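Here the structure is laid out as structure tokens; the discussion comes afterwards.
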Amino acid sequence: MRDALGALGFAVQADAESGLAFMFEGGQYYVPAQGDDAGFYHLLFPNFWPLESDEEYGQALFACDAVNREAKLVKLHTVDGDVWAGVEALHAQPQEFVAALPRYLSFVQEAVRAFRDVMLAAQEAGDPPDPQPEPVA
């Protein structure tokens, strides 16, 4: 997997605890090791939105829910005071995952943009986020 990611031009760092890590458009992405499930792949983009208050945490839950309803393959969720994005996929071979990775990265970025739009709109209005964001491609 590391070599295949490197062939796409990513500078990949391996860590026994977190799996493989690489930078893409200013963000740190991870492909965690999946242990027993060789056909399961998880792409993570952690900590893209820090949650600084209980009110912002509530807004983030609404925004995650709104985006998750519309986004293709991407799941947004909160972890220890931050918002994370991830794609879970099943592939028979690592090469299949790597071949789909550019599309997965695009989906993650689109979902993150949609989340940010919902959160910023809510913060500007001083209201909970709109539960119906613009559809994510």
Side-chain angles (χ1 to χ4, degrees):
M1 172 74 78
R2 184 177 184 168
D3 291 341
L5 290 170
L8 285 179
F10 297 113
V12 181
Q13 302 295 319
D15 180 90
E17 196 171 303
S18 62
L20 301 177
F22 62 93
M23 296 294 292
F24 179 71
E25 295 197 5
Q28 183 86 29
Y29 288 78
Y30 294 88
V31 179
Q34 296 304 318
D36 297 349
D37 195 347
F40 178 77
Y41 296 88
H42 198 180
L43 172 67
L44 285 173
F45 181 43
N47 307 319
F48 71 83
W49 186 282
L51 301 171
E52 298 174 358
S53 68
D54 289 342
E55 179 182 346
E56 189 176 27
Y57 177 77
Q59 291 175 335
L61 292 177
F62 282 108
C64 286
D65 186 49
V67 174
N68 285 342
R69 282 193 305 271
E70 300 294 327
K72 292 179 182 176
L73 297 176
V74 178
K75 293 180 187 177
L76 300 181
H77 58 279
T78 61
V79 177
D80 297 329
D82 282 292
V83 181
W84 293 31
V87 171
E88 296 176 345
L90 298 173
H91 293 284
Q93 300 294 323
Q95 296 83 357
E96 293 173 7
F97 171 76
V98 172
L101 185 61
R103 193 165 186 203
Y104 294 159
L105 289 167
S106 174
F107 288 159
V108 168
Q109 290 186 329
E110 289 169 10
V112 168
R113 274 192 293 277
F115 175 87
R116 286 183 174 145
D117 290 347
V118 172
M119 289 295 287
L120 293 174
Q123 289 174 352
E124 287 175 10
D127 295 327
D130 180 357
Q132 297 298 324
E134 293 297 316
V136 178

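All residue numbers in this chain count up from 1 along the given sequence. Remember, predicted model here, so these are calculated numbers, not experimental data.
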Discussion item. Any heavy-atom pair between the side chains of F24 and Q109 that's under 4.5 Å?
Written reply: yes
Fill in: Any side-chain heavy-atom pair of L51 and W49 under 4.5 Å
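Yes, their side chains come closer than 4.5 Å.
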Practice prompt. For Q13 and A11, indicate whether the former's side chain and the latter's backbone hold a donor-acceptor pair under 3.5 Å.
Written response: no
Worksheet item: Does E17 have any side chain to side chain contact (heavy atoms under 4.5 Å, CB included) partners at least two apart in sequence or in another chain, and if so, which?
Response: D15
hydrophobic_cluster_shared for [Y] and [X], side chain cutoff 4.5 Å:
{"X": "L8", "Y": "Y41", "answer": "yes"}
{"X": "L120", "Y": "F48", "answer": "yes"}
{"X": "L20", "Y": "L44", "answer": "no"}

Spacing of [X] atom [atom1] and [Y] atom [atom2] [to the nearest 0.5 Å]:
{"X": "F97", "Y": "H42", "atom1": "CZ", "atom2": "NE2", "result": "9.5 Å"}
{"X": "E70", "Y": "K72", "atom1": "CD", "atom2": "NZ", "result": "11.5 Å"}
{"X": "R116", "Y": "Q123", "atom1": "CZ", "atom2": "CD", "result": "12.0 Å"}
{"X": "M1", "Y": "Q93", "atom1": "CE", "atom2": "CD", "result": "10.5 Å"}

Report all side-chain donor-acceptor pairs from residues 98-107 shorter than 3.5 Å, counting only partners two or more places apart or in another chain.
from	atom 1	to	atom 2	distance (Å)
Y104	OH	H91	NE2	2.7
S106	OG	E110	OE2	3.3

Fill in: Greater than 12 external heavy atoms within 6.0 Å of Y57's OH
no
Worksheet item: Any chance CG of D37 has more than 12 other-residue heavy atoms, nucleotides or ligands included, within less than 6.0 Å?
Response: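 Correct, the count exceeds 12.
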Discussion item. According to salt bridge (Lys or Arg N to Asp or Glu O under 4.0 Å), who are the partners of D117, at least two apart in sequence or on a separate chain?
Written reply: none
Fill in: Any pair counted as salt bridge (charged side-chain N to carboxylate O under 4.0 Å, His left out), so long as it reaches residues 52-67, sequence neighbours left out
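Those involving residues 52-67 are D65-R69.
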Worksheet item: After noting the C-alpha distance and the side-chain angles of F10 and Y29, does the key distance pass the ring-ring contact (aromatic ring centres under 6.0 Å, His included) rule?
Response: CA-CA 11 Å; F10 297 113; Y29 288 78; 8.4 Å; no
Practice prompt. Give the minimum heavy-atom separation between V67 and A111, together with the two atoms involved.
Written response: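 Closest approach of V67 to A111, heavy atoms only: CG1-O, 3.8 Å.
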Worksheet item: What closest approach, in Å, do G27 and F45 show between heavy atoms, and which atom pair accounts for it?
Response: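 Residues G27 and F45, closest heavy atoms: CA-CE1, 3.7 Å.
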Worksheet item: Sequence neighbours excluded, which residues qualify as ring pair (Phe, Tyr, Trp, His ring centres under 6.0 Å) partners of Y30?
Response: none
Distance-only criterion, 3.5 Å: show the donor-acceptor pairs between side-chain atoms of residues 82-90 and protein atoms not counting sequence neighbours.
from	atom 1	to	atom 2	distance (Å)
W84	NE1	N47	OD1	3.0
E88	OE1	K75	NZ	2.9

